[in-house]
J.: 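Have a look at this one before I ask anything.
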Amino acid sequence: MHRESRGRRLSSSNRGTTTVTEQYDPKALQAKWQRRWEELDPYRASEDPADPRERRYLLDMFPYPSGDLHMGHGEVFALADVIARYWFQRGYNVLHPIGWDSFGLPAENAAIRRDAHPAEWTYANIETQATSFKRYGISFDWTRRLHTSDPGYYRWNQWLFNRFFERGLAYRKGGLVNWCPQDQTVLANEQVVDGRCERCGAEVVRRELTQWYFKITDYADRLLDDMAQLEGLWSDRLLTMQRNWIGRSEGADVLFTIEGREEPVTVYTTRPDTLFGATFFVVAPDAPLADEIVAPAQREAFEAYRAEVAKLSDIDRLSTEKEKTGVFLGVHAINPVNGERIPVWAADYVLSDYGHGAIMAVPAHDQRDLDFARKFALPVRVVVHTGLADPGETGEATPGEGSLVNSGPLDGLSKADAIKKIIGILSEKGRGKAAVNFRLRDWLLSRQRFWGTPIPIIHCPDCGEVPVPDDQLPVTLPDLRGEALAPRGVSPLASATDWVNVECPKCGGAAKRDTDTMDTFVDSSWYFLRYCSPGYEDGPFDVEKVRRWGPIDQYVGGIEHAVLHLLYSRFFVKVLHDMGMLDFTEPFIRMLNQGQVINRGKAMSKSLGNGVDLGAQIDGFGVDAVRLTMIFAGPPEEDIDWADVSPAASQKFLARALRVMSEVTSEPGVSYTGGDLELRKVTHRTVDEVTKLVDSYRFNVAVARMMELTTAARRAIDAGPGRADPAVREAAEALAVMLSLVAPYVAEEGWERLGGSPSVAKAGWPEVDPALLVQESVTCVVQVAGKVRDRLEVSPDITDAELEALALGSEKVQAQLSGTPRRVIVRAPKLVNIVP
RNA sequence: GCCCCCGUAGCCCAAUGGCAGAGGCAAACCCCUUAAAAGGGUUGUAGUGCGGGUUCGAGUCCCGCCGGGGGCACCA
């Protein structure tokens, strides 16, 4: 336990033998240094405005407290910690906070099972995770800890809701929504994956409900355009996912008249050039328009069809094998360019919430329309000559380029020219215009569950939707537990009658609270701002503090949030920017999406029985070895198959490294200049390379370099200048600092044994002496016709001409040559290629 | 169906268009040891999924295929 006794033993021990090795005992180091870190508090971010250090904000996606930390946490937090610790070493004032995303369904389900309150389960798990984080040695500033389920936090969700409401960005509307029958709540589009609930996997069904929405579609164009700021800083994969999700398309709005209806009906199309090929018209069955225009004779058939469609789950509806269905509405539409009467149908392949919920159908050039036309024997008219066979015959629509036919003024034009011309014609006649559409839908916000933020609205029979005044926030949750939380299809809050029945804040009359809670993605859409001033009482965050720390320099988390949390947070930040509370428009400058930890080629799961427990790994190999294994396994974005890696090997390496650091006998502060030049060069080259590698997030390669330096130092001790040489100290000290990014306990212990103090976290990154990076000679490869024929030791600053002469003079080269070479390529000092 | 990424030793992974191997696992052998463990050291194995092309030179760039992974998908 005591450094002095250990040091004495080391210095008096026999060089060359290895009897000095003591067992590397990770548990003892963990216990020792965890205590010391509590005292030293080396990772506290400074709020001192006079602090001259540049500020950096590093953030990990905060965890949901479901039990203890798992392998996935182990990876993401180890990765982010490399960056945080690197920044500390480079002298930045680093903000690296932690908190918990502590509202959510699992707590509620646990509470029902155990007849308890969700808070009990939640906060117990938080404590478990906090203890594990401390053991895991992550460099958090613990003073900023937050939990989204604290009233002091969710109060500001409500405050922000009120602001959104004032700006028309929070609104209520009825319509078909995604309903998860398992979780008994509605879901946002982003939470439905392949027709299933993203959380529980149950098949999502459609329900007609009135719900709260955030108007994220108002920001669709900015969410797309501002991605220019993220180019190169977020992965292409992630940016593509967001782009696809937002789904911008360009086309035209065209006004059709419906016979017997005063107002014309607008349709959106990306192919206005094919307007002359429209042979029928389709309305989404669930659109109000369909209900309005259906002819009395067709009403019965229509309503039966609509009921049929409403019963379909997303899975059925989206099935590509599914046959087209629909029903004639008994009315006709008039094509604005040729006056043609075309029948109006209702069909579920038209969606009520995209475009205007109605389309013009051009079966010749759109496969979906063609499938429908063939099923119901509707006419097919080719208006773009593509050179392919008639779609009416083949059943294959021809959506490609071609020249226009059967299209009056458009005849002979190309697709692009025809689009331009028809938009001009429509605009002149006031029958249409160019238009842009987005796939993105508004964010469905309300949830029929308990453990979330109550929506701060009071429904008054006279005043309508009345926000709870800011000074009465937070609206706290009523005290419900156990059975009272069981899902019934309506929010459990509805059963708390005392809580529900209130006075209207406006008129004082009897009114009722809204009984839904907010999607928990609201909580995570701004938590990163709260960290800058976690106890702030006068608003969600201190604007000045966020100005200082924000935006987040580096965010680390899973790609599964590509169109969830990351999209929502970007939206929130833009709204807050428009409110004048933020001076930036993107929250996360740089994003790193780590891969998953898997086992034997498959995601870990209970049913496969291939789960690996983080705690057990740590117990077996120690924190540092587990962290090192995560980092060394491969590039951060790639999955780690735990079956392919070896925490035992990591542990061995750490023991080696610690031994090297323990065996140094020179005094701290000794001048390195007299030290062994070879080793000094290795050290400086390693530091130089590790710096570049960490800068470019190639941590696995950086670890490999540290391993090489360890080997070099080992050799210097055993078979070189020996442990007393100052170069050995220099190497060991550099190793301790670099290793501290990955293996903080071993680094800290090694640093202490080297006589450093008080914490390696404060040591500072080693400086590279450029003079020690210079090589006296380099090996030049001489190729003849691309094949290596000779190697020359040359000076690194040799000129091309000198090198060429040298290469041509080589005997081995001459043996390959007959006559004058045709060409000689010289890349001094490393390569000469002679083309005979 | 459309779009993106990846295929390098038995395995995980390196390689600004310039000697295919940095690092690790596993394997074999040697030293140390009464022995084992721990420790120290040595060694091999791939011509880069396949086929073309560009280039003095291709794992790297381009085209096509095969295999794996991912995103979007009845979005008009």
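All of these numbers come straight from a predicted model, not from anything done at the bench. In what follows, chains carry the letters A, B, and so on, assigned in the order in which the sequence lines appear, proteins first and then strands, with residues in each chain numbered from 1. All values below come from the heavy atoms of this structure, side chains included, with hydrogens, waters and symmetry mates left out.
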J.: Mind checking Val788(A) for me? I need base, sugar-phosphate or nothing, with any heavy atom below 4.0 Å counting as a touch.
T.: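 Result for Val788(A) = sugar-phosphate.
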J.: Could you check how far CD1 of Ile598(A) sits from P of G70(B), rounded to whole Å?
T.: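 Interatomic distance, CD1 of Ile598(A) to P of G70(B): 10 Å.
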J.: Once side-chain contact (heavy atoms from CB on, under 4.5 Å) is applied, do any residues pair with Lys692(A), and if so which ones, sequence neighbours excluded?
T.: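 With sequence neighbours excluded, Lys692(A) shows a side-chain contact (heavy atoms from CB on, under 4.5 Å) to Asp688(A), given in chain and number order.
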J.: I'd like the C1' distance from C72(B) over to C62(B), given in whole Å.
T.: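 Straight-line distance between the two C1' atoms is 27 Å.
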J.: Atom CE of Met360(A) and atom P of C74(B): how far apart are they, to the nearest Å?
T.: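 Whole-Å distance recorded here is 20 Å.
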J.: For C56(B), does either OP1 or OP2 sit under 4.0 Å from a side-chain N or O belonging to Arg823(A)?
T.: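 For C56(B), OP1/OP2 do have a side-chain N/O of Arg823(A) under 4.0 Å.
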J.: What's the closest nucleotide to the Met241(A) side chain, out of G71(B), A76(B), G24(B)?
T.: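 The listed nucleotide nearest to Met241(A)'s side chain is G71(B).
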J.: Could you list the residues that satisfy side-chain contact (heavy atoms from CB on, under 4.5 Å) with Phe632(A), not counting sequence neighbours?
T.: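 side-chain contact (heavy atoms from CB on, under 4.5 Å) list for Phe632(A), sorted by chain: Val703(A), Ala704(A), Met707(A).
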J.: If you only use heavy atoms from C-beta on, which nucleotide in G23(B), C72(B), G70(B) is closest to the side chain of Trp245(A)?
T.: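 Taking heavy atoms from C-beta onward, the closest nucleotide is C72(B).
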J.: Taking only N/O atoms, report every protein-nucleotides 42-45 of chain B pair under 3.5 Å with atom names and distance.
T.:
residue	atom	partner	partner atom	Å
U42(B)	OP1	Arg715(A)	NH2	3.4
U42(B)	OP2	Arg715(A)	NH2	3.3

J.: What integer number of Å spans the C1' atoms of C66(B) and A28(B)?
T.: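 Going atom to atom, C1' in each nucleotide, I get 36 Å.
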J.: Taking atom P in both U43(B) and G59(B), what distance in whole Å separates the two?
T.: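 It works out to 26 Å between them.
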J.: List the residues meeting side-chain contact (heavy atoms from CB on, under 4.5 Å) with Glu198(A), not counting sequence neighbours, and say none if there are none.
T.: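 Residues passing side-chain contact (heavy atoms from CB on, under 4.5 Å) with Glu198(A): Gln191(A), Val193(A), Leu564(A).
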J.: Ignoring backbone atoms, test whether Asn700(A) places a side-chain nitrogen or oxygen under 4.0 Å from the OP1 or OP2 oxygen of A14(B).
T.: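 Yes, because at least one side-chain N or O of Asn700(A) sits under 4.0 Å from OP1 or OP2 of A14(B).
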J.: Under the side-chain contact (heavy atoms from CB on, under 4.5 Å) test, which residues partner Ala284(A), sequence neighbours left out?
T.: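 Listed in chain order: Asp286(A), Ala287(A), Val350(A), Ser352(A).
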J.: Return the nucleotide paired to A27(B): Watson-Crick means purine N1 to pyrimidine N3 with N6-O4 or O6-N4, wobble means G-U with N1-O2 and O6-N3, both under 3.5 Å.
T.: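 The base-pairing partner of A27(B), which may sit in any strand shown, is U43(B).
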J.: Return the set of residues passing salt bridge (Lys or Arg N to Asp or Glu O under 4.0 Å) with Glu793(A) (not counting sequence neighbours), or none when no residue passes.
T.: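 Expected list: none.
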J.: Taking the nucleotide of RNA chain B with the nearest heavy atom to each, does Ser646(A) or Thr325(A) sit closer to the 5' end?
T.: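 Result of the comparison: Ser646(A).
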J.: Could you identify the nucleotide paired to C2(B), looking across every strand shown and requiring Watson-Crick or G-U wobble geometry with both distances under 3.5 Å?
T.: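 Base partner found: G71(B).
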J.: Would you measure the distance from the P atom in C32(B) across to the matching atom in U45(B) and give it in whole Å?
T.: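 Taking atom P in both C32(B) and U45(B), they lie 28 Å apart.
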J.: Please determine whether a side-chain nitrogen or oxygen atom of Arg659(A) lies at a distance below 4.0 Å from atom OP1 or OP2 of G40(B).
T.: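 For Arg659(A), the contact criterion (side-chain N or O under 4.0 Å from OP1 or OP2 of G40(B)) is met.
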J.: Which of these nucleotides, A14(B), A76(B), C72(B), is closest to any side-chain atom of Leu351(A)?
T.: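 Looking only at side-chain atoms, Leu351(A) lies closest to A76(B).
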J.: According to the Watson-Crick and G-U wobble definitions, with both distances under 3.5 Å, which nucleotide is paired to G59(B)?
T.: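 Matched G59(B) with nothing under the 3.5 Å cut-off.
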J.: Go through Glu231(A) and Arg243(A) one step at a time and tell me if the salt bridge (charged side-chain N to carboxylate O under 4.0 Å, His left out) criterion holds.
T.: CA-CA 12 Å; Glu231(A) 209 68 54; Arg243(A) 240 176 239 122; 3.2 Å; yes
J.: Quick one: which of Thr325(A), Asp371(A), Asp369(A) gives a side chain to side chain donor-acceptor pair (under 3.5 Å) with Tyr349(A)?
T.: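 Considering Thr325(A), Asp371(A), Asp369(A), a side chain to side chain donor-acceptor pair (under 3.5 Å) with Tyr349(A) is found only for Asp369(A).
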J.: Does a side-chain N or O from Tyr268(A) land closer than 4.0 Å to OP1 or OP2 of A76(B), or not?
T.: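 So the side chain of Tyr268(A) is outside the cut-off, no N or O lying under 4.0 Å from OP1 or OP2 of A76(B).
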J.: Does Asn599(A) reach the main-chain N or O of Asn610(A) with its side chain, forming a donor-acceptor pair under 3.5 Å?
T.: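 Answer holds: yes.
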J.: Could you run through nucleotides 57-63 of chain B and give me one letter per nucleotide, 5' to 3': B if any protein heavy atom sits under 4.0 Å from the base, S if only the sugar-phosphate is that close, - if neither?
T.: S------
J.: Choosing from C11(B), G40(B), C74(B), which nucleotide comes nearest the side chain of Asp718(A)?
T.: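 Nearest listed nucleotide: G40(B).
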J.: Regarding Thr240(A), tell me which of base, sugar-phosphate or nothing describes its non-hydrogen contacts under 4.0 Å with the strands shown.
T.: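 No contact at all - Thr240(A) keeps every heavy atom at 4.0 Å or more from the nucleic acid.
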J.: Heavy atoms only, 4.0 Å cut-off, all strands: where does Lys324(A) land among base, sugar-phosphate and nothing?
T.: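 Base contact.
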J.: Need one value for Val824(A): base, sugar-phosphate or nothing, where a base atom within 4.0 Å counts as base even if backbone is also close, heavy atoms only.
T.: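 It contacts nothing in the nucleic acid.
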J.: Which one, G24(B), C13(B), A22(B), comes nearest to the side chain of Pro635(A)?
T.: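 Nucleotide nearest to Pro635(A)'s side chain: C13(B).
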J.: Counting side-chain heavy atoms from CB outward, which of A76(B), C56(B), A22(B) is closest to Val701(A)?
T.: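 In terms of side-chain proximity for Val701(A), the closest of A76(B), C56(B), A22(B) is A22(B).
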J.: Which nucleotide in the list A22(B), G23(B), C13(B) gets nearest to the side chain of Phe632(A)?
T.: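 In terms of side-chain proximity for Phe632(A), the closest of A22(B), G23(B), C13(B) is G23(B).
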J.: I'd like the P distance from A35(B) over to C30(B), given in whole Å.
T.: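 One P to the other, the span is 13 Å.
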J.: Given 3.5 Å as the limit, does a donor-acceptor pair link the side chain of Thr279(A) with the main chain of Pro379(A), or not?
T.: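 Yes.
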J.: How close or far is atom P of G70(B) from atom CD of Glu638(A), stated in whole angstroms?
T.: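 One finds 14 Å between P of G70(B) and CD of Glu638(A), rounded.
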J.: For the side chain of Val835(A), starting at C-beta, report the closest nucleotide among C11(B), C56(B), A22(B).
T.: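 Nearest nucleotide to the side chain: C56(B).
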J.: Pairing donors with acceptors under 3.5 angstrom, does anything connect the side chains of Thr710(A) and Arg656(A)?
T.: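 Side chains of Thr710(A) and Arg656(A): no pair found under 3.5 Å.
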J.: Should G7(B) form a Watson-Crick or G-U wobble pair with both distances under 3.5 Å, which nucleotide is its partner?
T.: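 Base-paired to C66(B).
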J.: For G39(B), take OP1 and OP2 only and decide whether either is under 4.0 Å from a side-chain N or O of Arg714(A).
T.: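 No, because none of the side-chain N or O atoms of Arg714(A) sits under 4.0 Å from OP1 or OP2 of G39(B).
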J.: Choose from A14(B), A76(B), C74(B) the nucleotide whose nearest atom is closest to any side-chain atom of Val350(A).
T.: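 That would be A76(B).
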J.: Quote, to the nearest angstrom, the C1' distance that separates C31(B) from C13(B).
T.: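 30 Å, rounded to whole Å.
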J.: Have a look at G47(B) and give me syn or anti from its glycosidic angle (syn if within 90° of zero).
T.: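 Chi for G47(B) falls in the syn range.
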J.: Would you mind reading off the distance between Tyr24(A) atom OH and A37(B) atom C1', rounded to a whole angstrom?
T.: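 Spelled out: OH on Tyr24(A) to C1' on A37(B) is 19 Å.
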J.: Ignoring backbone atoms, test whether Ser249(A) places a side-chain nitrogen or oxygen under 4.0 Å from the OP1 or OP2 oxygen of A76(B).
T.: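 Yes.
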J.: Taking the same atom, C1', in G1(B) and in U54(B), what whole-Å distance lies between them?
T.: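 Those two atoms are separated by 32 Å.
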J.: In chain order, what residues pass the salt bridge (Lys or Arg N to Asp or Glu O under 4.0 Å) check against Lys324(A), with sequence neighbours excluded?
T.: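 Partners of Lys324(A) by the salt bridge (Lys or Arg N to Asp or Glu O under 4.0 Å) criterion come out as none, since no residue qualifies.
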J.: On a whole-Å scale, what distance lies between the C1' atoms belonging to A38(B) and G70(B)?
T.: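 45 Å, rounded to whole Å.
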J.: Counting only Watson-Crick or G-U wobble pairs whose two distances fall under 3.5 Å, which nucleotide matches A38(B)?
T.: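 No nucleotide pairs with A38(B).
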J.: Could you tell me how far apart Asn593(A) (CG) and C4(B) (P) are, to the nearest whole angstrom?
T.: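 Those two atoms, CG and P, are 19 Å apart.
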J.: Hey, does the side chain of Arg656(A) come within less than 4.0 Å of G41(B)'s phosphate (OP1/OP2), counting only N and O?
T.: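 Affirmative; the distance criterion is met.
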J.: Would you list the pairs meeting salt bridge (Lys or Arg N to Asp or Glu O under 4.0 Å) in which at least one residue belongs to residues 633-645 of chain A, sequence neighbours left out?
T.: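 Qualifying pairs: none.
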J.: Out of curiosity, Glu190(A) CD to His565(A) NE2, how far, rounded to the nearest 0.5 Å?
T.: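 Here the interatomic distance stands at 13.5 Å.
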